[in-house]
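Ligands are counted one by one from 1 in listed order, and the atoms in each one are counted from 1 as well.
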Amino acid sequence: MILITGANGRPGSATVREFARHGTPVRALVRDPDKAGDLRALPGVEIVHGDMLWPETLESALDGVDRVLMISGAGPELLETQCTFIDAAVKAGVGHLVKFSGKDSIEGFDNERFRSSRSHEQVLRYLLASGLPWTLLRPSQFMQVYFEEVPDIVAHGELRLPLGDTTLAPVDIEDIAKVAYAVLTTPGHEGVTYPMTGPEALTMADAARHLSDAIGRPVRYRDVTSEEKQRDWLAAGYPPPRAKAFAQLFQERKRLGRSTVDLSTHERFGIEPTTFAQFARRNADVFRGAADYTVTPA
Ligand SMILES: NC(=O)c1ccc[n+]([C@@H]2O[C@H](COP(=O)([O-])OP(=O)(O)OC[C@H]3O[C@@H](n4cnc5c(N)ncnc54)[C@H](OP(=O)(O)O)[C@@H]3O)[C@@H](O)[C@H]2O)c1
């Protein structure tokens, strides 16, 4: 049996859907079964309830599991959550753990300087020491992160980010889910790291142009200061530590400036990379403010 954690979240639910699309049975771990509504209706999906921070809640979820895709949120509990889960997986006799991590597309980005990327590195060291066979998925910024900008796009026709003419190479979560499915259902991935970016290094002016083309309304990139953006995030209800962490991350991206495209994983699995224009068209109703969307949790 294959288990996916974080199954109510964005990459987790996309991977569960990919399993259902192939008709491959999968077990989906959720913290809150009431939020698992549409996953429950998918064929071959077994929803199990558990909290990765509480090993005693994981025993039945891990029973008979050979492979796991381990995902949890990027918040301050990432390190404890994933190390606790690794201990439970070892105890349950899991044979292969695929860790969902991250990798900035920006050249020269130092993972150890930022809390969430540093936590991923610390979990990786713990995983290597655990002796569990592992695989690492390292996607860059998700294209779906641009859903956070919907209020400004709808209200002002502006994409407001503190990035100057920095380029980023965001990747579509649907592409990542296809890779995750292949890694979890075929042999030969143990000890391998799979980095992923999208197919283009885009300035935010490029991104705004694609959004504008998709929704049929003007969208202009406005290069705001880091302080302005942090104030906007706080006004939008982001917890202060998260607004500060985002501001630091964007300052570093702006300082370094250039992204590198890495399609080696798409090519390895024969997956056509989704362009930002295709992503924007597929989600045009979201960017028009006419459909629901999910943003990064606190
Ligand atoms: N955002 C990006 O651009 C990006 C890029 C590359 C990699 N990543 C990485 O992708 C991962 C997912 O991030 P995301 O922003 O997409 O988060 P997300 O959509 O919220 O997914 C995380 C899921 O983990 C679940 N979870 C958290 N703690 C848990 C626990 N103790 N027990 C069980 N489930 C738990 C959450 O459950 P609930 O639904 O109950 O809250 C949520 O469903 C993170 O590790 C992040 O570093 C993010």
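Distances below 4.0 Å separate heavy atoms of F100 from the following atoms of ligand 1: 7 (C), 9 (C), 10 (O), 11 (C). Using a 4.0 Å cut-off to heavy atoms of T81, the atoms of ligand 1 that qualify are 31 (N). The atoms of ligand 1 that sit less than 4.0 Å from any heavy atom of R10 are 1 (N), 14 (P), 15 (O), 16 (O), 18 (P), 19 (O). Numbered from 1 in the order shown, with element, the atoms of ligand 1 that lie under 4.0 Å from a heavy atom of S72 read 11 (C), 12 (C), 22 (C), 24 (O), 27 (C), 44 (C), 45 (O).
Counting heavy atoms closer than 4.0 Å to ligand 1, residue H120 contributes side-chain atoms (C-beta onward) but none from N, CA, C or O. Only the side chain of K35 comes within 4.0 Å of ligand 1, judged by heavy-atom distances. Contact annotation for N8 and ligand 1: heavy atoms of both the backbone and the side chain come within less than 4.0 Å of the ligand. If you look at P170 next to ligand 1, there are no close heavy atoms at all, none under 4.0 Å. Heavy atoms from both the backbone and the side chain of D51 come within less than 4.0 Å of ligand 1. Residue contacts with ligand 1, taken as heavy atom pairs separated by less than 4.0 Å, do not involve A7 at all.
Considering backbone and side-chain N/O atoms, Q82 never comes within less than 3.5 Å of an N/O atom of ligand 1. At under 3.5 Å, not a single nitrogen or oxygen of D32, backbone or side chain, sits near a nitrogen or oxygen of ligand 1. For ligand 1, the polar-atom distance check against M52 finds a nitrogen or oxygen pair separated by under 3.5 Å. At under 3.5 Å, a nitrogen or oxygen of F142, whether backbone or side chain, sits near a nitrogen or oxygen of ligand 1.
For the pair R118 and F114, the cation does not sit on the ring face, since its NZ or CZ is not both under 6.0 Å from the ring centre and inside 45° of the axis. In this structure, R253 forms a cation-pi arrangement with F250, its terminal cationic atom sitting closer than 6.0 Å to the ring centre and no more than 45° off the ring axis.
What you find for V171 and G198 is that their closest heavy atoms are CB-N, 3.5 Å.
At least one heavy atom of S101 sits less than 4.0 Å from an atom of ligand 1. T5 does not count as a contact of ligand 1, since none of its heavy atoms falls under 4.0 Å from the ligand.
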Return a table of donor-acceptor pairs under 3.5 angstrom between the side chains of residues 30-45 and protein atoms on other chains or two or more places apart.
from	atom 1	to	atom 2	distance (Å)
D32	OD1	D34	N	3.0
D38	OD2	R17	NH2	2.7
R40	NH2	P33	O	3.0

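Just one residue in the list R288, R281, R282 forms a salt bridge (charged side-chain N to carboxylate O under 4.0 Å, His left out) with D285, and that residue is R288.
How far CG of D172 is from OG1 of T274: 4.0 Å, rounded to the nearest 0.5 Å.
Here L53 pairs with D51, E77, E80, T81 under the side-chain contact (heavy atoms from CB on, under 4.5 Å) rule; sequence neighbours left out.
Closest to atom 6 (C) of ligand 1 by heavy atom, among S13, P139, S117, is P139.
Comment: R125 engages E112 in a salt bridge, judged by a side-chain N to carboxylate O separation of less than 4.0 angstrom.
Y126 and E121 share no side-chain donor-acceptor pair at under 3.5 Å. Looking at S140 and T197, their side chains never bring a donor and an acceptor atom within 3.5 Å of each other.
Counting only heavy atoms from C-beta outward, the side chains of I271 and V179 approach each other to under 4.5 Å.
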